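Heads up: the structure comes next, in structure tokens.
Quick caveat: nothing in here was measured; it's all calculated off a predicted structure.
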Amino acid sequence: MTHIFHRDQRHAYPVAVRGEGCYIIDAQGRRYLDAAAGAAVSCLGHDDAEVIAAIEAQLKRLPYAVTSFFTNEPAEELADLLAKDAPEGLEKVWFALDGSEAVESALKLARQFALESGQPQRHVVISRRQSYHGNTLGALSAGGNAFRRAPYEPLLVPMQHVSPCYAYRERAAGESDGAYAERLALELEHTIERAGPRDVLAFIAETVAGATLGSVPPVVGYFRRVREICDRHGVLLILDEVMCGLGRTGPLHACLEEGIVPELLCLAKGLGAGYQPIGAVLIHRRVAEAVARGSGAFQHGHTFMGHAAACAGALAVQNAIRERGLLAAVRERGAGLEERLRARFAAHPHVGDIRGRGLFWSLELVRDRETKAPFDPALCVHARVKVEAMLRGLTCYPMPGCVDGRRGDHVLLAPPFVISESQLDELVSKLAPAIDAAIAE
């Protein structure tokens with residue numbers, strides 16, 4: 001009997017004991033190709049010797065020093081590297097322990113910016129339906145997934161939610177990408193106007209939608225219009241790249257492909273690649289300068305932020321991505337993954353959409369391709385896919401509720417950047433029968 005209060009008390013979990021490249025091995029010796037890199041985390045696989053050595057070396061020198069008294073060398077070096085390669089204007093770095101903490105920090109910093117810049121009335125945050133920004137209360141308040149929010153609704157901070165950029169289901173028949181982007185932009189602007197433009201603090205969005213919607217890229221021009229509207233009304237733009245950032249979609253930062261820069265950019269997952277828990281917020285100079293000119297201090301903090309060993313590991317991860325040419329590898333392997341997915345599933349009667357960028361792809365499963373009708377949620381198709389895939393030695397990231405928080409099933413794939421061509425073949429060859437078996441049950 002376990003004393004762990006597991007996520008699902010009804011489930012008996014295999015015990016993972018070892019990592020080997022893109023594989024996880026359990027206590028029974030079963031090997032699982034990790035086609036989701038955990039949860040889009042383990043971008044270097046599970047046994048990178050250089051990263052492990054960097055963490056070991058830092059632990060021998062100094063494992064931890066609280067940031068209210070000290071800074072430390074790996075934190076300073078990691079911040080230097082992140083700032084050097086950041087989109088123009090993002091010059092400062094705030095460290096956190098994960099994506100939820102990064103989002104919480106960004107929301108609080110946005111509010112403090114309003115206070116420091118003489119706009120104390122700004123407090124309204126706008127997000128998108130079907131978004132996911134984390135599971136702490138502030139991040140969950142920003143998130144727009146009805147299923148995740150429902151049990152905790154009385155505790156959540158009121159925030160406003162607009163439509164996601166979800167072309168497969170929400171772009172009208174005959175509507176161009178440009179017209180669809182404009183319609184969404186106008187919805188955002190009207191929401192700002194109804195809330196009171198002087199009261200709206202920030203708009204937060206995932207650059208490429210992640211877990212709850214299934215790697216949905218924005219249509220061309222959408223984020224440029226969002227940026228224009230935020231600028232016109234003095235609204236801060238917070239981009240959540242916890243899942244899609246740091247190379248996952250091809251460029252180092254997904255917003256580079258959209259041609260925009262946010263005031264606050266949230267990172268985690270691939271920052272430390274699972275070797276240590278770490279997150280970060282990249283901060284625009286005008287936000288940092290407002291705090292520096294005002295109170296001089298961010299009224300926020302956590303015990304383990306800027307953890308020396310975690311920063312040493314993340315620094316080694318980020319150096320590896322740059323020095324080993326892994327951004328180019330993501331683009332190359334991502335094209336290979338897309339080609340394989342389309343070859344195997346483009347005509348599948350229960351795959352409605354194949355979408356993504358880089359090494360960040362999803363299959364949306366439907367009962368009827370022509371009408372896009374989802375499966376009955378009671379069937380739990382996503383859960384069946386997870387079970388069938390693991391039986392075949394594959395871990396993927398199936399999720400429910402992409403349609404409206406309750407209906408809809410998708411399978412997200414986010415393999416390590418170091419996945420090989422033969423492992424891409426293995427991935428698809430195991431995923432296809434797993435989906436077929438799950439639907440046939």
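With sequence neighbours excluded, the residues that form a side chain to side chain contact (heavy atoms under 4.5 Å, CB included) with Ala39 are Val41, Lys269, Tyr397. Under the rule for a ring-ring contact (aromatic ring centres under 6.0 Å, His included), the partners of His350 that lie at least two apart in sequence or sit in another chain are Phe375. The side-chain hydrogen bond (donor to acceptor under 3.5 Å, both in side chains) test applied to Asp48 returns Arg324, not counting sequence neighbours. For the ring-ring contact (aromatic ring centres under 6.0 Å, His included) test, no residue two or more places apart in sequence or in another chain qualifies with His284. Under the salt bridge (Lys or Arg N to Asp or Glu O under 4.0 Å) criterion, Arg285 pairs with Glu88, Glu91, sequence neighbours left out. Residues passing the side-chain hydrogen bond (donor to acceptor under 3.5 Å, both in side chains) test with Arg392 are Glu388, sequence neighbours excluded. Partners of Ser105 under the side-chain hydrogen bond (donor to acceptor under 3.5 Å, both in side chains) rule, at least two apart in sequence or in another chain, are Trp94, His300. Contacts of Arg129 classified as side-chain hydrogen bond (donor to acceptor under 3.5 Å, both in side chains), with partners at least two apart in sequence or in another chain: Ser163, Glu170. In this structure, the side chain to side chain contact (heavy atoms under 4.5 Å, CB included) partners of Thr371, at least two apart in sequence or on a different chain, are Asp368, Ala373.
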Could you list the donor-acceptor pairs under 3.5 angstrom formed by side chains in residues 250-261, with sequence neighbours left out?
residue : atom : partner : partner atom : Å
Glu258  : OE2  : Arg357  : NH1          : 2.8
Glu258  : OE2  : Arg357  : NH2          : 2.9

Can you give me every donor-acceptor pair (side chain of residues 327-336, partner residue at least two apart or in another chain, under 3.5 Å) with its distance?
residue : atom : partner : partner atom : Å
Arg333  : NE   : Ile419  : O            : 2.8
Arg333  : NH1  : Glu421  : OE2          : 3.4

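With 3.5 Å as the limit, one finds a donor-acceptor pair spanning the side chains of His233 and Glu189. Donor-acceptor pairing under 3.5 Å is recorded for the side chains of Thr207 and Glu241.
Smallest separation of non-hydrogen atoms from Arg111 and Arg122: NH1-O, 2.7 Å. Between Arg149 and Ser141, the closest heavy-atom pair is NH1-O, 2.7 Å. The two residues Cys22 and Val418 have their closest heavy-atom pair at SG-CG2, 4.0 Å. Between Leu365 and Val411, the closest heavy-atom pair is CD1-CG2, 4.1 Å.
In this structure a side-chain-to-backbone donor-acceptor pair under 3.5 Å is missing from Arg384 to Cys380.
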Please lay out, stage by stage, how Leu427 and Leu33 fare under the test side chain to side chain contact (heavy atoms under 4.5 Å, CB included). CA-CA 7 Å; Leu427 187 163; Leu33 176 62; 3.9 Å; yes
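Residue pairs meeting the salt bridge (Lys or Arg N to Asp or Glu O under 4.0 Å) criterion with at least one member in residues 97-109: none, sequence neighbours excluded.
Between His6 and Tyr13, the distance from one ring center to the other falls under 6.0 angstrom.
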